[in-house]
**Q** 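Mind looking over this structure? Questions follow.
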Amino acid sequence: MILGCCLEGKFNEAISFIEKMKEFGCFPDSVTYNTILGFFCKKGRLKEAGNLLQDMKEKGLMPNRYTFNILVSGYCKVGWLKEARKVIDLMVQNDVLPDIWTYNMLINGLCGEGRIEEAVKLKDEMEHSKVLPDVVTYNTLIDGYFKHGSSEDGFRLVEEMREKGMELNAVTNNILVKWYCKEGKMDEASERARMMEESGFPPDKVTYNTLINGYCKAGKLGEAFEMMDLMGRKGFKMDTITLNTILHTLCREKKLKEASELLNSASNRGYLLDEVSYGTLLAGYFRDGMADKALQLWSEMRKKEIIPSIITYNTIIRGLCQLGKTEQAISKFKELLRNGLVPDATTYNTIIHVYCKEGKVEKAFELHNKMVEKSLKPDVFTCNILLSGLCSDGMLEKALKLFNTWISEGKAIDQVTYNTMISGLCKEGRLEDAFHLVSEMKERNLGPDHYTYSAILGALASAGRMNEADEFMSKMVEVENFREQSLQLKEQNVKTSEITEAYDPDSNACSEQIIELCNQGRYKDAMRIFEASNQKGVTLSKSTYIVLMEGLIKRRKRLSKAVQ
DNA sequence: CTGCTCGGCA
């Protein structure tokens with residue numbers, strides 16, 4: 001009964017059952033408490049978990065091995081690794097030695113933070129102690145390498161597993177399938193699934209959902225539907241995750257009406273809706289400028305007592321920020337804290353962003369400091385947001401200082417970081433410094449792209465250095481650069497499947513379309529076909545690239561003129 | 001009653 005309540009997310013009812021148990025003369029034991037504790041931790045609601053633990057102790061129930069492990073898992077999930085380690089110390093003090101579960105969860109926590117090397121070290125440590133790494137340990141590390149390290153290292157570990165005589169299980173295979181999907185290698189992904197048929201671990205629900213998602217992301221909706229069909233034929237019912245994948249695809253295609261209809265009819269079709277279903281549509285509404293519908297959906301979700309996760313909160317906070325309703329956004333932030341949720345980097349970045357946009361750079365930095373305090377690592381998003389805030393507030397020197405600190409600390413930066421700094425420098429007329437950064441970003445293989453060029457071009461033009469501007473423009477149309485651009489577009493997975501379907505994948509037809517649209521000044525439409533043809537793997541003629549890029553420069557010029 | 005794989009936010 002209690003388990004049932006937890007599964008439905010009705011924690012309060014679960015807790016009230018504990019009281020009822022007592023009325024019937026049976027007392028909750030540690031299993032009862034551990035069950036509920038586990039669900040709080042899974043949902044990231046640590047405050048409530050803490051309260052329950054306190055309650056448990058007051059009832060004189062000693063935490064057991066399960067209790068400790070549940071807490072380790074809970075802390076690891078939200079990235080509080082120090083706290084997780086404290087629990088382990090506590091375990092030792094209570095004569096409960098960390099077991100394979102404890103190690104695996106800690107390794108998973110480290111991988112989640114991108115700290116793979118430390119995770120591997122922990123695995124070695126296990127081997128030296130009596131706790132031998134198992135298939136779960138390997139799966140965790142393999143997935144960690146794919147996510148945050150190199151795939152070579154991931155595959156190396158797969159080999160190591162084989163050498164040790166460990167069998168790759170369904171999860172191992174699913175991790176590989178997911179990785180192939182992420183790389184856009186759908187053929188290899190489905191080949192892996194086919195191999196699973198022959199191994200002792202046939203494809204399961206996760207495999208199918210992974211493939212469906214992969215095909216959706218690749219814009220291959222036909223294959224996605226085929227996979228859903230196959231999933232059904234193999235006896236797997238589609239579940240909430242399948243539904244959410246479809247919802248997301250519909251939203252991305254701007255088919256909000258269909259998405260909303262699907263959401264409404266889902267329960268009739270036997271689907272369970274969760275906070276991801278609502279959050280997906282919510283984000284879709286905000287993206288498409290239908291904020292009123294989004295807010296309506298939020299209250300509908302609350303009415304149904306579906307509990308928002310930190311990501312759901314991030315979505316609504318971001319939406320409110322975009323509406324300029326900063327106060328309301330902040331109040332949602334406070335609400336999630338009250339609900340015992342732990343804000344993540346995205347939460348902070350979103351609010352830092354809105355402060356920067358409002359010119360409250362000091363407040364933005366306060367929040368940045370808070371982030372560090374909470375041992376959340378400011379990431380490349382944080383950096384870019386702060387830099388852009390400083391630049392547009394006329395504090396270029398401070399921006400440069402931050403930029404240099406960031407680099408000297410060896411933290412990751414990306415193309416956006418460079419473009420932000422370059423455009424900041426250009427605005428102040430510091431072209432030589434900007435050029436310096438352009439060559440630096442080239443060295444790091446981070447560009448330049450048309451944002452970089454347009455910043456530089458704008459600065460050259462306003463300095464009256466027209467010859468150099470021309471020179472730059474011709475550099476832009478170098479074929480090498482276009483290759484890079486098209487690769488990037490592929491990676492960004494820009495989706496326009498409607499166009500993809502509508503246009504002839506014949507390379508000449510595409511090229512002609514693009515050139516024609518450019519001639520008409522419809523550069524945006526031209527870009528969309530360019531993206532679509534990229535997706536289909538259509539090779540365009542060189543002149544298409546040139547016309548398109550020249551068109552983009554003109555458009556950027558037109559835009560920057562409009563701004564001035 | 002605890003761990004690894006699938007869906008969403010920046």
Side-chain angles (χ1 to χ4, degrees), chain A residues 2-3 6 29-39 41-42 64-74 76-77 99-109 111-112 133-144 146-147 169-179 181 201 203-214 216-217 231 239-249 251-252 274-284 286-287 308-319 321 344-354 379-382 384-385:
Chain A
I2 290 170
L3 192 71
C6 285
D29 56 3
S30 7
V31 178
T32 323
Y33 274 102
N34 286 344
T35 307
I36 307 178
L37 202 61
F39 278 95
C41 285
K42 254 202 199 89
N64 60 16
R65 159 178 309 285
Y66 292 103
T67 323
F68 286 123
N69 279 339
I70 289 167
L71 289 173
V72 171
S73 142
C76 284
K77 278 226 161 63
D99 57 9
I100 182 93
W101 293 76
T102 326
Y103 273 109
N104 283 343
M105 290 185 295
L106 206 55
I107 286 176
N108 190 36
C111 285
D134 62 0
V135 69
V136 175
T137 321
Y138 276 96
N139 287 343
T140 311
L141 287 169
I142 291 167
D143 191 52
F146 283 154
K147 266 199 197 112
N169 66 7
V171 175
T172 327
N173 279 297
N174 287 338
I175 291 168
L176 292 171
V177 170
K178 181 184 64 168
W179 186 77
C181 286
F201 300 97
D204 57 13
K205 212 171 222 183
V206 175
T207 324
Y208 288 110
N209 278 334
T210 310
L211 285 169
I212 291 169
N213 186 47
C216 283
K217 288 257 156 73
M231 184 179 179
D239 61 6
T240 310
I241 294 187
T242 328
L243 169 83
N244 291 343
T245 302
I246 302 168
L247 276 175
H248 185 237
T249 308
C251 287
R252 204 190 46 210
D274 64 5
E275 80 281 2
V276 180
S277 326
Y278 278 92
T280 305
L281 191 56
L282 201 70
F286 273 127
R287 250 200 310 271
S309 74
I310 185 62
I311 298 183
T312 330
Y313 269 106
N314 289 343
T315 310
I316 186 99
I317 288 174
R318 185 177 131 78
C321 286
D344 62 9
T346 307
T347 325
Y348 282 104
N349 286 343
T350 309
I351 300 179
I352 290 174
H353 192 176
V354 75
D379 55 15
V380 63
F381 288 101
T382 326
N384 293 345
I385 294 165

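This one's a predicted model, so the numbers in the text were calculated from it and none came from an experiment. Just so it is clear: chains get the letters A, B, ... in the order the sequence lines come, proteins before strands, and each one is counted from 1.
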**Q** Whole angstroms only, please: what is the NZ-C1' distance between A:K205 and B:dC4?
**A** 19 Å
**Q** Of the nucleotides B:dC6, B:dT2, B:dC9, which one has an atom closest to the side chain of A:N209?
**A** B:dC6
**Q** List for me each residue that meets salt bridge (Lys or Arg N to Asp or Glu O under 4.0 Å) alongside A:R287, sequence neighbours excluded, and say none if there are none.
**A** none
**Q** When all nucleic acid strands are considered with a 4.0 Å heavy-atom cut-off, which category describes A:L141: base, sugar-phosphate, or nothing?
**A** nothing
**Q** Does A:R318 have a side-chain nitrogen or oxygen under 4.0 Å from the phosphate oxygens OP1 or OP2 of B:dC9?
**A** no
**Q** Rounding to a whole Å, what distance do you find between A:K42:NZ and B:dT5:P?
**A** 13 Å
**Q** Side chain of A:N64 only, heavy atoms from C-beta on: which candidate in B:dT5, B:dT2, B:dC1 is closest?
**A** B:dC1
**Q** Does B:dC6 have its OP1 or OP2 closer than 4.0 Å to a side-chain nitrogen or oxygen of A:N213?
**A** no
**Q** At under 4.0 Å, does any side-chain N or O of A:K217 touch on OP1 or OP2 of B:dG8?
**A** yes
**Q** Base, sugar-phosphate or nothing for A:D99? Non-hydrogen atoms, less than 4.0 Å.
**A** nothing
**Q** What nucleotide, of B:dC6, B:dC1, B:dC4, holds the atom closest to the side chain of A:T210?
**A** B:dC6
**Q** Among B:dG8, B:dT5, B:dC1, which is the nearest nucleotide to the side chain of A:N34?
**A** B:dC1
**Q** Is the Lys NZ or Arg CZ of A:K205 less than 6.0 Å from the centre of A:Y208's six-membered ring, within 45° of the axis?
**A** no
**Q** Just the rounded figure in Å: distance from C1' of B:dC4 to CG of A:N173.
**A** 13 Å
**Q** The side chain of A:H248 lies closest to which of these nucleotides: B:dC9, B:dC4, B:dC6?
**A** B:dC9
**Q** Rounded to the nearest angstrom, tell me the gap between atom OH in A:Y278 and atom P in B:dC9.
**A** 18 Å
**Q** Tell me the interatomic distance from A:M105, atom CE, to B:dC1, atom C1', rounded to whole angstroms.
**A** 12 Å
**Q** Tell me what A:I175 touches on the nucleic acid: a base, only sugar-phosphate, or nothing, going by heavy atoms under 4.0 Å.
**A** sugar-phosphate
**Q** Classify A:T242 by what it touches in the nucleic acid, base, sugar-phosphate, or nothing, heavy-atom distance under 4.0 Å.
**A** nothing
**Q** Base, sugar-phosphate, or nothing: which does A:T350 touch, judged by heavy atoms less than 4.0 Å apart?
**A** nothing
**Q** Counting side-chain heavy atoms from CB outward, which of B:dC1, B:dC9, B:dG8 is closest to A:V31?
**A** B:dC1
**Q** Which part of the nucleic acid does A:N169 contact within heavy-atom distance under 4.0 Å: base, sugar-phosphate only, or nothing?
**A** nothing
**Q** Under a 3.5 Å cutoff, is there a donor and acceptor pairing between the side chains of A:T346 and A:N349?
**A** no
**Q** Determine, answering yes or no, if A:W101 is stacked on B:dT2 under the 5.5 Å centre rule and the 30° plane rule.
**A** yes
**Q** Under the rule for side-chain contact (heavy atoms from CB on, under 4.5 Å), what residues qualify as partners of A:F201, not counting sequence neighbours?
**A** A:E167, A:N169, A:A170, A:S199
**Q** What integer distance in Å separates A:F146:CZ from B:dC4:P?
**A** 18 Å
**Q** Yes or no on side-chain contact (heavy atoms from CB on, under 4.5 Å) for A:T32 and A:D29, after CA distance, side-chain angles and deciding distance?
**A** CA-CA 5 Å; A:T32 323; A:D29 56 3; 2.7 Å; yes
**Q** Looking at B:dC1, B:dC6, B:dG8, which one has an atom nearest to any side-chain atom of A:V206?
**A** B:dC6
**Q** Answer yes or no: is there a side-chain heavy-atom contact under 4.5 Å between A:N174 and A:D204?
**A** yes
**Q** Determine whether any donor atom in the side chain of A:T312 lies under 3.5 Å from an acceptor atom in the base of B:dG8, or the reverse, and answer yes or no.
**A** yes
**Q** Is the distance from OP1 or OP2 of B:dC9 to the nearest side-chain N or O of A:R287 less than 4.0 Å?
**A** yes
**Q** Measure from CG on A:D344 to C1' on B:dA10 and round the result to the nearest Å.
**A** 9 Å
**Q** Check every atom of B:dA10, B:dG8, B:dT5 against the side chain of A:S309 and return the nucleotide holding the closest atom.
**A** B:dG8
**Q** So what does A:T102 hit on the nucleic acid, given a heavy-atom distance under 4.0 Å: a base, only sugar-phosphate, or nothing?
**A** nothing
**Q** What is the distance, to the nearest angstrom, from the CZ atom on A:F201 to the P atom on B:dC4?
**A** 17 Å
